[in-house]
Amino acid sequence: MSTASTGRVTAVLLAIRQSFLAFVTAIGVGCCLLAVLLSEYVLAGLSYGVLAGMFAIWGVSAFVYAVVGHLGLRLIGYR
C-alpha cells in the first residue's frame, strides 16, 4: 500500500473508533465476515465449524449491542 492509501485507511479507522457505536458495529461486521470465511460456504475444504459459530454469535451480539445503544441514546434525546 502506498502512503496515501495507508493514511486514508488510518483516517477511516480513527473515525470509526471515535464513535463507539460505529466501532461496535464494525467489530460485528468483522466477526460475521470471519464466521463466513471459517465456514465451508467460502472454501469447501476449509471448515472450522466451532470457530465459525463463535464468531457468528459474537458478531450478532455486537449488532444487538449497537442497536440497543442507539435506541438508548435516542430514548434519552442524545443526537
Side-chain angles (χ1 to χ4, degrees):
M1 270 205 260
S2 69
T3 306
S5 64
T6 304
R8 277 187 247 133
V9 169
T10 304
V12 168
L13 290 175
L14 285 174
I16 289 173
R17 181 61 184 101
Q18 289 174 354
S19 171
F20 183 71
L21 292 177
F23 176 67
V24 171
T25 305
I27 287 176
V29 168
C31 285
C32 287
L33 289 176
L34 198 54
V36 170
L37 180 68
L38 291 174
S39 67
E40 45 186 42
Y41 293 114
V42 176
L43 299 172
L46 181 68
S47 176
Y48 294 102
V50 173
L51 286 176
M54 288 170 50
F55 280 110
I57 289 170
W58 291 336
V60 170
S61 296
F63 285 133
V64 169
Y65 294 147
V67 167
V68 168
H70 180 71
L71 292 176
L73 288 175
R74 290 184 113 201
L75 184 67
I76 64 172
Y78 185 78
R79 302 262 176 222

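Computed from a predicted structure; not experimentally measured. FYI, side chains are in, hydrogens and waters are out, and symmetry mates aren't considered; it's all heavy atoms of this structure. Residues: numbered from 1 along the sequence shown.
- Residues Ser39 and Ala52 come closest through the heavy atom pair N-CB, 3.9 Å.
- Taking hydrophobic clusters as Ile, Leu, Val, Met, Phe, Trp and Tyr residues chained together by side-chain heavy-atom distances below 4.5 Å, Ile57 does not share a cluster with Tyr48.
- Cluster annotation: Ile27 is not connected to Val29 through the hydrophobic network of ILVMFWY side chains, with a link wherever side-chain heavy atoms come within less than 4.5 Å.
- Under the 4.5 Å side-chain heavy-atom criterion for grouping Ile, Leu, Val, Met, Phe, Trp and Tyr, Leu51 is connected to Trp58 within one hydrophobic cluster.
- Ring geometry, Phe23 versus Phe20: the interplanar angle falls from 30° to 60°, so the pair is classed tilted.
- Counting all heavy atoms, side chain and backbone alike, Cys32 lies closest to Val60 at SG-N, 4.2 Å.
- Cluster annotation: Val64 and Leu21 are assigned to distinct hydrophobic clusters (Ile/Leu/Val/Met/Phe/Trp/Tyr, side-chain heavy-atom contacts under 4.5 Å, transitive).
- Under a hydrophobic clustering in which Ile, Leu, Val, Met, Phe, Trp and Tyr are joined whenever their side-chain heavy atoms come within less than 4.5 Å, directly or via other members, Val24 and Leu71 fall into different clusters.
- Counting non-hydrogen atoms of neighbouring residues, nucleotides and ligands closer than 6.0 angstrom, the CZ atom of Phe63 exceeds 12 such neighbours.
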